[in-house]
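Only one structure is covered here, and it is reproduced in the block below.
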Amino acid sequence: MATAAAHRTAGTQRYDGREAAEGEQDAYQRAFDAAVAADERIEPRDWMPEAYRATLVRQIAQHAHSEIIGMQPEANWITRAPSLRRKAILMAKVQDEAGHGLYLYSAAETLGTGREELLDKLHTGRQKYSSIFNYPTLTWADVGAIGWLVDGAAITNQVPLCRCSYGPYARAMVRVCKEESFHQRQGYELLLALSRGTPEQHAMAQDAVDRWWWPSLMMFGPPDDESAHSAQSMAWKIKRHSNDELRQRFVDICVPQAESLGLTLPDPDLKWNEDRGQHDFGAIDWSEFKEVLKGNGPCNEQRITQRTRAHEEGAWVREAAAAHAAKHSRENPESRESRETGAQQA
Ligand code: FAQ
């Protein structure tokens, strides 16, 4: 029987450039399947089916793009934060999202896909980012609603990804989730302050929750019977739960939190179902989700235009960093940086 150790050996041989001999491919596949079944991690040098690699690149890239595009809606409020304390917190949060993007692009690089290629696909609309970031941040309360609901949904989705079968993605998620947890709490605390403030502040908080609730439920992806990738991704243990399972978990978490906040979730059909031990909730408008994915959300165009401009304006930074690395490599031929630059030039 194929063992995980054989899987590692197979992976190392493959990495060293030896072509799989006839018959070996099956052994590699069996060893890969055994490693996944045993809940072992697949690492970059291990053999993996090409479809597994492609699925990971697709999901990780979409996730990375979401993190960096997701900086825009909140960054919109940095200059108008109501106090120095709120401004410092918001700046730190937006910087965290950039960091999450970096961990994720690095994880994609371990699968052999470079950052430049992925960014090009984002800028030219060939790869997606989360639907949620195509909605506008109209008031200060939206910063709180994003923290509470959007980061809350992100954590619900990402905690199981800490057990994803691909090692670099799973390890990146551990740190991301710790930071998202802080983000969620700052959003909750911000909304609580508004909810307990003046009637106008309370109304502003309620309005933000009214606008962000349904798009947050869409973040989990299409319903299970329309989810193209879920079955295979769950068999590979990339995803551990279906889209609908995680959406339900999120609703159940949010209901008591909304009560503590003194805010109402905008769903007249939301009620506790004693038999299921879960909340029933109203129908999601999937036509809106599809329109946003097609590029017709309120801010799709603005997000990509701004992102592309930032990339172009940052060209000199990338050139300077490359020039610095090349100089360092000439001056310190034995350094790690030098080996990496040499490898890139080779
Ligand atoms: N938006 O077959 P499935 C964050 C696409 S991070 C856009 O169910 P899958 C942090 C999907 O790609 C938020 N597209 O797909 C933050 C596929 O299209 P494709 C991002 C969506 O992959 C907070 C098609 O629909 N998180 O918020 C969406 O098995 C605050 C069929 O769908 C992640 O990316 C959507 N919502 O399941 C940052 C987590 N849903 O690729 C700043 C990792 C689905 O065939 C501020 N990703 N699609 O063209 C995942 O867990 C999964 O990829 C799902 C989708 C669950 C999102």
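Whatever order the structure lists them in is the order used to number ligands and atoms, beginning at 1.
- Other residues sharing a hydrophobic cluster with Trp316 under the 4.5 Å side-chain heavy-atom criterion for ILVMFWY residues are Val317.
- Listed for the Arg115 side chain is no donor-acceptor partner under 3.5 Å among the backbone atoms of Glu109.
- Sorted by chain then number, the residues whose non-hydrogen atoms approach ligand 1 to under 4.0 Å are Arg58, Gln59, Gln62, His63, Ser66, Glu67, Gly70, Glu74, Lys93, Glu97, Lys128, Tyr129, Ser130, Ser131, Phe133, Val150, Asp151, Ala154, Asn157, Gln158, Leu161, Tyr169, Glu180, Met218, Met219, Phe220, Gly221, Pro222, Ser227, Ala228, His229, Ser230, Lys239, Asn243, Phe289, Leu293.
- Looking at residues two or more places apart in sequence or on another chain, you find no salt bridge (charged side-chain N to carboxylate O under 4.0 Å, His left out) involving Glu200.
- Taking the six-membered ring wherever Trp is involved, the centroid distance between the rings of His65 and Tyr105 falls below 6.0 Å.
- Every residue meeting the salt bridge (charged side-chain N to carboxylate O under 4.0 Å, His left out) condition with Glu117, not counting sequence neighbours, appears here in chain and number order: Lys121.
- When Asp267, Asp252, Asn273 are each tested for a side-chain hydrogen bond (donor to acceptor under 3.5 Å, both in side chains) with His279, only one passes: Asp252.
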